[in-house]
2 protein chains.
Amino acid sequence: MKFLDCWTCFVAIIQARRSGAPPIHGIGRWSLPAMAYHRPKACKAARRGRIRRIMGRRPIDHETFSPLMRDVAKLADVATSTVSRALANPGRVNEKTRCRIIAAVEQLGYVPNAAARNLRVGTSDIVMAVLSQPAVANDASQIIPEVLQSVASTLADSGFNLVIASRGRSAATEKHIPDLAIGGIVRGAIVLGSTELPSYGRRSLAGAGIPIVSLLEDRSAAGIPSVVANDREAMREAVLHLIGLGHRSFFYIAGPAGNYHEIERFAGLAEAVSATGLSDRAIIRHEGARSFQNGFQTGIEAARVYLALKRRPTAAVSCWDDAAIAFMGTVRSQRVAVPGGLSVIGFDGAPVGAFCQPPLTTLQQPTASLGAKAAEILLALLDRDAAEPPVKTVLPCRHLLRASTAAPKGGARKASKRP
Amino acid sequence: MKFLDCWTCFVAIIQARRSGAPPIHGIGRWSLPAMAYHRPKACKAARRGRIRRIMGRRPIDHETFSPLMRDVAKLADVATSTVSRALANPGRVNEKTRCRIIAAVEQLGYVPNAAARNLRVGTSDIVMAVLSQPAVANDASQIIPEVLQSVASTLADSGFNLVIASRGRSAATEKHIPDLAIGGIVRGAIVLGSTELPSYGRRSLAGAGIPIVSLLEDRSAAGIPSVVANDREAMREAVLHLIGLGHRSFFYIAGPAGNYHEIERFAGLAEAVSATGLSDRAIIRHEGARSFQNGFQTGIEAARVYLALKRRPTAAVSCWDDAAIAFMGTVRSQRVAVPGGLSVIGFDGAPVGAFCQPPLTTLQQPTASLGAKAAEILLALLDRDAAEPPVKTVLPCRHLLRASTAAPKGGARKASKRP
DNA sequence: CTGTTAGCGCCTTCAA
DNA sequence: TTGAAGGCGCTAACAG
């Protein structure tokens, strides 16, 4: 018999009551392992005479019926509090009792009701990831999903779950985010990429009193622990390498104005240029990107601008790979030799870069470690026993030196060679 | 004054008690809008003499202190149930009362405690997305993040949240997934891509009694509503188009063996070939991919195999874009003209395809609609009033006809031209 | 239309 | 070491 219909349940409940068994908890006459008794909820409803209601409900499916802690307690012949203890602090329960309880848990397939637990202890084990507007697809585009994946895995290993809060199309969605935090659903938050912290009216994420970690963007100045890649240093080193090869003029394809990565990466370029004693005018800046998405479009436009230049720089530095790839493709189709006439370098480490013609030199973001580190820091913030985590963690990008960069044809002027 | 320290609170609590105010709820003498009373939790603790405990706790921060429904009720001078009703069924409350309540809610910045609500009503508004092993990065690689994004947005518009359950590295993570479902945390699940439904011991996702929607893979045979792209038809049409151009032999770059998309897409190719009366031998199948990840590697290997063929097919059909791109790049570097000597077609619609040399003809998956549709169906399943959703929803891919396909140079034999 | 009341399932304190 | 009891914040049935 797979289903116990509700009428059977009700009859049994009534019988149990007539025979003087305690009416609410533990009907007492039922075979517990068969889960052949209804929940007290229904008992009570029945007692109140709302019989039709119960009968009208779906029959109880043995497959999906989930036992309660008191079922376990009854089967193991202990009190619920003992079961609770056995599961939470196994050390404080008699070994033999504990074994009985564990056996009962296994037999019934008991899983604690998380909602009740959350209510009781006042916290949850859910962590929120806040993504910026066109979310997964925007911002540092390719890498967001990988980072997210890494965050989710790390959290899962510690028993936490990750909910994705995309910043919404509508104000309602926007309101959602602080509400999640304030409503006690969420225990901590990881904010990805360049967004203002969500707020709605007088509720704000920052004011929700939950730990926040910033990922990919440095918010350590605001006191928010941040995990970032070393965008600036990586770019500086890469450009210094180009300068070492003999390049003296640069075409920079800028990302969306005001974006954190754009600012940092350009700063890296500028620092390298000025550190070598070159004038600012060694850099020609191409603006126009509105987002990191559609980088290919930006790359094509940049190529058009580049091709129209009277004195073309010998190196193109792109804020992100997509633009670099499209740029490179376009200028090559106009008979610009890469890397002979023009070196190109991107940023992000998109896998496709290795399969361009020529393979694209780029700076690979440490996606997995970024995500894992941010998750670890959040976990540390949630664990009151853990040490205070660092307010700023910088992880290095990897310089993937490929065939799109070389010494300029015109002649590598003598310059201190850099490794 | 920004902080109210706990001592102040405690004193006030005691005073309130001495003056005969009800000791538990609603201290009564406090200025509510100032939130200058502690929660009953603390009152009780104080009453029980655990004074030191309270004092030892963090002071109450006005910024993060969240008021309860009874605070709102008190401020609006109604009962909590009325507040509850006003927020849930506004129609069943007097207009004037409702306004007072709303005002109080605004004034206090009240946000309902979701954990308590979940416990009480027995459900939550969280939906789970189950991803296959290397999750976001694997499977139909590029498109998973976009699909997920679309799912999340659609759910958010209906007030649902999305938690990401990556299938774990460890058994513990695996166990996690059914537990989430059974533990009442999750109200429904969307399973993405090709995975077995998670299970652990006698707990399984399928047996958790929550609605499940399958996305990207057709599980309608198992009674699970599925949302899929028309992989097979799209591929068939595309190949028929190639045949219409005059191609008679095909090199197929297969995806991971046994994968749903691989099977469907190859079937589409085979159907088109046999429908035109060509022999099976018109297809040369290149196997070897272990996952969709590292498609570039697969493409390169496939190219090597292709180049070694004595009689080279005039068209290459790839199961996914990455492999097609790497394949095309490699054969071109060996002086194979594309599309002159060889037409290449991919699958997925990766944006980078438009910027290859030559731009790659491909079949674009309707990522946004796939995600949105799956979310809608899940929402319908969760809404008992909604109509039974279709068990299988097929969304069409878009044929992006670009420069990598053309009539074979050898001569387009007469064939019924297809549009 | 509104107030009273009784739990949702679990954890935790207190007493035995 | 164990059991009994009470309440976390909210909702919904029921009675005015």
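Between the side chain of N89(B) and the backbone N or O of G91(B) there is no donor-acceptor pair closer than 3.5 Å. Counting only distance, with no hydrogens or angles, the side chain of S124(A) and the backbone of I185(A) share a donor-acceptor pair below 3.5 Å. Between the side chain of R100(A) and the backbone N or O of A76(A), at least one donor-acceptor pair lies under 3.5 Å.
Here dG9(D) presents its P atom at 16 Å from CZ of R117(A), a figure rounded to the nearest Å. The CZ atom of R85(B) sits 8 Å away from the C1' atom of dG3(C) (whole-angstrom rounding). The distance between atom CE of M69(B) and atom P of dA12(D), rounded to the nearest whole Å, is 10 Å. One atom, NZ of K74(B), and another, P of dC10(D), lie 15 Å apart when rounded to the nearest Å. Distance N118(A) CG to dC8(D) P: 16 Å, rounded to the nearest Å. Rounded to whole Å, the distance from CG on L87(B) to P on dC10(D) is 10 Å. Distance CG (L119(A)) to C1' (dG7(D)): 9 Å, rounded to an integer number of Å. For the pair R92(B) CZ and dG3(C) P, the interatomic distance rounds to 15 Å; values are reported in whole Å.
Contact annotation: T97(B) reaches the phosphate of dT2(C) (side-chain N/O to OP1 or OP2, under 4.0 Å). Considering only side-chain N and O atoms, T82(A) lies under 4.0 angstrom from the phosphate OP1 or OP2 of dG3(D). Contact annotation: R70(B) reaches the phosphate of dG9(D) (side-chain N/O to OP1 or OP2, under 4.0 Å). Residue Y110(A) places no side-chain N or O under 4.0 Å from the OP1 or OP2 atom of dG9(C).
Residue order along DNA chain C, read from the 5' end via each residue's closest nucleotide, puts R98(B) first among N113(A) and R98(B). Residues A116(B) and N89(A) both approach DNA chain C. Their nearest nucleotides, taken by heavy-atom distance, put A116(B) toward the 5′ side.
Nearest to the side chain of S81(A), among dG3(C), dG3(D), dC10(C), sits dG3(D). The nucleotide whose nearest atom lies closest to any side-chain atom of N94(A) is, among dT2(C), dT2(D), dT12(C), dT2(D).
Contact of the L382(B) side chain with the V127(B) side chain is registered, since non-hydrogen atoms from C-beta on lie closer than 4.5 Å. Looking at heavy atoms from C-beta onward, N161(B) lies out of side-chain contact with V186(A) at the 4.5 angstrom threshold.
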